[in-house]
Amino acid sequence: MENQTIQPFLTVANYHLLEQQLNKILHALTTTKDKNVILAVRGLVDTEITTKLELSGEELKLIEELFAVTDRAQGDAFLEQLKPYVIPFKPVTASTIKALFKKEKKLKLPNLEELDFQQICYLAWDDPGTHRKYVVLEQNGQLKGIKGLFANNTVRGICAICNRHSDVGLFTTSIKGQVVGTFTNHSNYICADSKTCNEHVTDMNRTHEFFERITQK
């Protein structure tokens with residue numbers, strides 16, 4: 001990728017989409033010798049990318065290198081070269097999180113130093129002592145915090161956030177109602193492992209819809 005003047009243009013979800021589509025090509029290359037099958041897979045990947053990503057000419061040139069990949073080593077190199085063009089998750093500090101959950105007296109904070117903000121579409125962490133899961137999402141340029149109870153027992157099912165089949169658990173949020181003393185509960189199955197869930201998110205519209213739904217009174 002010779003042109004380094006292009007500004008970051010890929011969301012984290014876009015990056016995950018490209019990674020997912022690259023894996024489809026690599027899977028085809030390792031499971032079949034049929035050139036027509038490989039060509040068909042490349043065509044499907046091309047359609048998926050062009051319909052879901054709005055790219056300029058220069059940006060498209062960068063992405064087109066995906067179709068020249070022939071093995072995992074090249075694929076990993078391609079993804080690494082894309083990293084500078086990924087728009088990271090909005091910066092989060094301990095004070096930011098405390099402000100979002102200011103009513104929590106004994107708030108357990110995530111280990112922010114271990115996070116790669118170019119890999120997460122949303123921030124989530126668990127407090128095993130209280131069975132609570134905390135989630136931070138950026139919506140309309142602002143960070144929003146949501147908390148809820150996460151059931152210990154997991155099952156195989158579809159996650160309401162990433163829409164992928166995974167080990168999921170019941171996440172229950174409670175929102176104050178319009179009448180004093182009333183609450184509206186929302187229960188949804190989401191991935192038990194938030195890191196894996198983040199890697200599965202390729203469309204933030206669906207993720208935003210989920211969070212808007214569970215914050216409605």
Side-chain angles (χ1 to χ4, degrees), residues 8 10-17 19 79-80 83-155 157-164 166-177 183-217:
L10 294 170
T11 65
V12 177
N14 292 160
Y15 180 82
H16 290 158
L17 173 68
E19 185 176 26
L79 292 173
E80 192 62 32
K83 281 285 187 73
Y85 304 100
V86 177
I87 304 164
F89 186 77
K90 199 176 182 71
V92 178
T93 63
S95 58
T96 304
I97 292 173
K98 288 176 182 177
L100 289 171
F101 299 99
K102 53 189 174 184
K103 291 185 179 180
E104 294 289 285
K105 294 180 180 179
K106 296 182 179 180
L107 178 64
K108 176 182 172 64
L109 295 172
N111 190 339
L112 297 175
E113 293 180 358
E114 292 184 352
L115 285 176
D116 181 351
F117 286 93
Q118 284 188 308
Q119 286 287 338
I120 61 171
C121 301
Y122 68 92
L123 172 61
W125 68 99
D126 298 290
D127 183 348
T130 61
H131 304 297
R132 284 180 178 165
K133 182 183 282 288
Y134 298 88
V135 181
V136 174
L137 181 76
E138 183 182 351
Q139 286 185 304
N140 302 318
Q142 291 187 322
L143 291 173
K144 295 184 179 180
I146 303 165
K147 67 176 181 179
L149 293 175
F150 190 77
N152 278 333
N153 54 317
T154 60
V155 296
I158 301 295
C159 171
I161 297 177
C162 68
N163 200 41
R164 290 280 291 274
S166 183
D167 290 329
V168 296
L170 199 61
F171 179 56
T172 302
T173 56
S174 185
I175 306 299
K176 284 186 178 179
F183 295 86
T184 300
N185 292 330
H186 296 276
S187 294
N188 294 270
Y189 282 99
I190 65 172
C191 287
D193 186 338
S194 298
K195 181 178 182 295
T196 301
C197 185
N198 260 292
E199 293 170 354
H200 287 167
V201 174
T202 59
D203 182 358
M204 282 303 292
N205 288 331
R206 187 184 296 275
T207 305
H208 284 300
E209 287 169 3
F210 166 74
F211 285 105
E212 286 171 5
R213 189 168 66 248
I214 68 172
T215 53
Q216 289 179 351
K217 297 180 179 180

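Taken from SG in Cys159 to CZ in Phe171, the straight-line distance is 11.0 Å, to the nearest 0.5 Å. Atom CE of Met204 sits about 7.5 Å away from atom CZ of Phe211, to the nearest 0.5 Å. Interatomic distance, Leu137 CG to Ile146 CD1, rounded to the nearest 0.5 Å: 6.5 Å. To the nearest 0.5 Å, atoms CG (Asn14) and CD1 (Ile87) are separated by 8.0 Å. Note: Thr154 OG1 to Ile190 CD1 = 12.0 Å, rounded to the nearest 0.5 Å. Between atom CD1 of residue Ile97 and atom CG of residue Leu112 there is a gap of 4.5 Å, rounded to the nearest 0.5 Å.
Judged by distance alone, the side chains of Ser194 and Lys133 do bring a donor and an acceptor atom under 3.5 Å apart.
A search for side chain to side chain contact (heavy atoms under 4.5 Å, CB included) contacts involving His200 returns Cys162, Arg164, Thr196, not counting sequence neighbours. Qualifying side chain to side chain donor-acceptor pair (under 3.5 Å) partners for Ser95, counting only residues two or more places apart in sequence or in other chains: Thr93. Residues passing the side chain to side chain contact (heavy atoms under 4.5 Å, CB included) test with Asn163, sequence neighbours excluded: Ile158, Arg206. Glu199 is linked by a salt bridge (charged side-chain N to carboxylate O under 4.0 Å, His left out) to Lys195, counting only residues two or more places apart in sequence or in another chain. Residues satisfying the ring-ring contact (aromatic ring centres under 6.0 Å, His included) criterion with Tyr134, sequence neighbours excluded, are Phe101, Trp125. Taking the side chain to side chain contact (heavy atoms under 4.5 Å, CB included) definition, one finds that Thr130 meets it with Asp127, Arg132, sequence neighbours left out. Partners of Asn198 by side chain to side chain donor-acceptor pair (under 3.5 Å), not counting sequence neighbours: none found. In this view, Ser166 satisfies the side chain to side chain donor-acceptor pair (under 3.5 Å) rule with no residue, not counting sequence neighbours. Residues meeting the side chain to side chain contact (heavy atoms under 4.5 Å, CB included) test with Glu209, sequence neighbours left out: none. Residues satisfying the side chain to side chain donor-acceptor pair (under 3.5 Å) test with Asp116, not counting sequence neighbours, are none.
A donor-acceptor pair under 3.5 Å is formed between the side chain of Gln118 and the backbone N or O of Lys83.
Pairing each heavy atom of Cys121 with each of Val12, the nearest pair is SG-CG1, 3.7 Å. The nearest pair of heavy atoms linking Pro84 to Glu80 is CD-O, 3.8 Å. Across Ser187 and Thr172, no two heavy atoms sit closer than the pair OG-OG1, 2.8 Å. The two atoms that bring Tyr122 and Cys197 nearest to each other are OH-SG, 3.0 Å, heavy atoms only. Scanning both residues, Leu109 and Ala94, for their nearest heavy atoms gives CD1-CB, 4.0 Å. What you find for Val136 and Phe89 is that their closest heavy atoms are O-CZ, 3.7 Å.
A side chain to side chain donor-acceptor pair (under 3.5 Å) check over residues 141-151, counting only residues at least two apart or in different chains, returns the pairs Glu104-Lys147. Screening residues 92-101 for salt bridge (charged side-chain N to carboxylate O under 4.0 Å, His left out), with sequence neighbours left out, gives no hits.
Contact annotation: the side chain of Arg213 approaches that of Asn188 to within less than 4.5 Å [non-hydrogen atoms, C-beta and beyond].
Heavy atoms from other residues, nucleotides or ligands lying under 6.0 Å from OH of Tyr15 number more than 12.
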